[in-house]
Amino acid sequence: MTAIAEAAPTLDPSQAIGQIAVQLPGATAVFRRLKLDFCCGGQISLRQATAEKGLDLQAVVQELSALQRPDGVPEAGTPSELIGHIVSRYHDVHRQQLPELIRMARRVEAVHRGNPDVPAGLADVLEDMEQELLTHMHKEEAILFPMLARGGNDFVAQPIGVMRSEHNEHGEALEHIARLTTDMNPPPGACNTWRALYSGLAQLADDLVNHIHLENNVLFPQFEPTAAQGCGSTSACGCSGG
C-alpha cells in the first residue's frame, strides 16, 4: 500500500529552537536529550544552539526532520498492508508521543501551579490514557490484527466490537484533555514548554482521530456483517468530517 505523498516543510536552522519546539511535536524530547534549552533559552537559532554545544547541525536537522510525519490517507490495499500502515504510522507514534507529553505536563503543572490556567490533573489523565492505549494496541497487534491478516473468521466480529468500544473511550479521553486545556490553546504569556505541550497534544489528538477512523471505517468493515458497519462513535473517529 502506498500513501499520498505530502512534501514536508523544510526545517530552517536559522529558526529559533523555542519556535521549533512549539511547531514540531516531538522536538522537545530531542532538545532535552541534547541539553538544548528550548524554554528559557529558546530565542537563539538552532544553528547557534548546536554550535555552542559542539553538535553536528546536519545530524540534528535530520533527526528533527524525521519527526515531520505525513498525514496522507493510504490508498486502497490489502488488509495486511493497511494493518502495517496503522502500526507504523499510529501505534508506534503513540508510543513515542505519550511519555514526552506526560513529562511536559508534569513540568508545566509543577512550575505554573499558581497560574489559574494551568491544566491541573492533565499528567494523570495522560498517564491513564497511555496505559489504556498500550493495552489496546497490544491486543490488536497480538490477537486481532494477525486474525484479520489471515482473512478473519466467523467470530472476528466480537473482538472488533471490543476494539470499537475502546475507541469510544479513547475519544472520551480526548474530550477530557480538550476541556482541561481549553482546546489546546495556551494562555497569553505561556512559556515554550507549555506551548509545546499543547502543540503535541493537538498532534496526538489528530493522530488518534485518524488512527481510529482507519480502523473503524476502513479496516474493520471488511470483516463485519453489513449491519455491524459504522463506528457508533462520537467525535473521536472523525466520521462527521469536522
Side-chain angles (χ1 to χ4, degrees), residues 8 11 17-40 42 60 63-71 86-113 115 117-138 140 166-187 189-213 235-238:
L11 190 65
I17 61 173
Q19 188 177 8
I20 295 172
V22 170
Q23 295 179 347
L24 182 59
T28 57
V30 175
F31 291 151
R32 186 164 49 85
R33 178 173 54 78
L34 298 176
K35 296 181 168 51
L36 297 175
D37 181 6
F38 63 87
C39 196
C40 298
V60 176
E63 185 172 0
L64 292 171
S65 296
L67 299 173
Q68 298 174 313
R69 303 181 180 99
D71 293 322
I86 289 170
V87 171
S88 63
R89 175 59 184 86
Y90 297 108
H91 285 203
D92 292 347
V93 170
H94 296 330
R95 291 184 176 107
Q96 296 169 8
Q97 290 168 319
L98 282 158
E100 179 66 7
L101 292 173
I102 292 167
R103 189 201 69 81
M104 285 196 290
R106 290 267 179 234
R107 180 69 175 169
V108 168
E109 290 183 62
V111 172
H112 301 285
R113 56 183 173 272
N115 189 317
D117 294 314
V118 75
L122 175 61
D124 290 339
V125 172
L126 288 172
E127 283 189 341
D128 289 344
M129 186 181 199
E130 180 184 38
Q131 292 307 308
E132 291 169 1
L133 265 175
L134 289 176
T135 300
H136 174 88
M137 294 186 298
H138 175 72
E140 288 186 331
E166 292 182 3
H167 287 168
N168 291 347
E169 294 171 4
H170 302 331
E172 291 169 3
L174 287 179
E175 291 173 357
H176 189 182
I177 290 168
R179 290 193 298 270
L180 285 174
T181 61
T182 318
D183 289 326
M184 292 79 146
N185 288 308
C191 68
N192 284 340
T193 300
W194 199 336
R195 294 167 63 207
L197 168 63
Y198 281 17
S199 176
L201 288 173
Q203 182 65 62
L204 171 69
D206 286 345
D207 281 349
L208 189 52
V209 165
N210 290 334
H211 169 192
I212 291 172
H213 160 68
S235 59
C237 73

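Index from 1, following the sequence.
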Show the nearest heavy-atom pair for residues [X] and [Y], with the distance to one decimal.
X	Y	answer
V60	L34	CG2-CD1, 3.8 Å
C39	T193	SG-OG1, 3.2 Å
A196	A21	CB-O, 3.4 Å
N192	G42	ND2-CA, 4.0 Å
D37	I17	O-CD1, 3.2 Å
D117	W194	O-CZ2, 3.4 Å

Check your understanding: Which residues satisfy the side-chain hydrogen bond (donor to acceptor under 3.5 Å, both in side chains) test with H112, sequence neighbours excluded?
Key -> none

Quick one: are [X] and [Y] in side-chain contact, heavy atoms under 4.5 Å?
X	Y	answer
R32	E100	yes
T181	L197	no
R89	D207	yes
L98	L134	no
V108	L122	no

Practice item. Please find out if less than 6.0 Å separates the ring center of H211 from that of H94. Key: yes

With rounding to the nearest 0.5 Å, note down the distance linking [atom1] in [X] to [atom2] in [Y].
X	Y	atom1	atom2	value
L64	F31	CG	CZ	5.0 Å
E169	L174	CD	CG	12.5 Å
T28	F38	OG1	CZ	5.0 Å
E109	D124	CD	CG	7.0 Å
M137	I86	CE	CD1	12.0 Å

Flag, side chain of [X] to backbone of [Y], donor-acceptor distance under 3.5 Å:
X	Y	answer
E166	H136	no
E132	H170	no
S199	R195	no
R113	A110	yes
D183	N185	no

Exercise for review: From the options Q97, M129, H213, select the one residue that forms a side chain to side chain contact (heavy atoms under 4.5 Å, CB included) with L208.
Suggested key: M129

Check your understanding: Does the pair R95 and L133 meet the rule for a side chain to side chain contact (heavy atoms under 4.5 Å, CB included), with working shown?
Key -> CA-CA 9 Å; R95 291 184 176 107; L133 265 175; over 6 Å; no

Practice item. List the steps, then state whether side chain to side chain contact (heavy atoms under 4.5 Å, CB included) holds for V30 with L67. Key: CA-CA 10 Å; V30 175; L67 299 173; 4.3 Å; yes

Point to revise | Neighbour count >12 (heavy atoms, 6.0 Å) for atom CZ, R106 | key: yes

**Study point:** Residues H91, E140; criterion side chain to side chain donor-acceptor pair (under 3.5 Å); working and verdict
**Key:** CA-CA 10 Å; H91 285 203; E140 288 186 331; 3.0 Å; yes

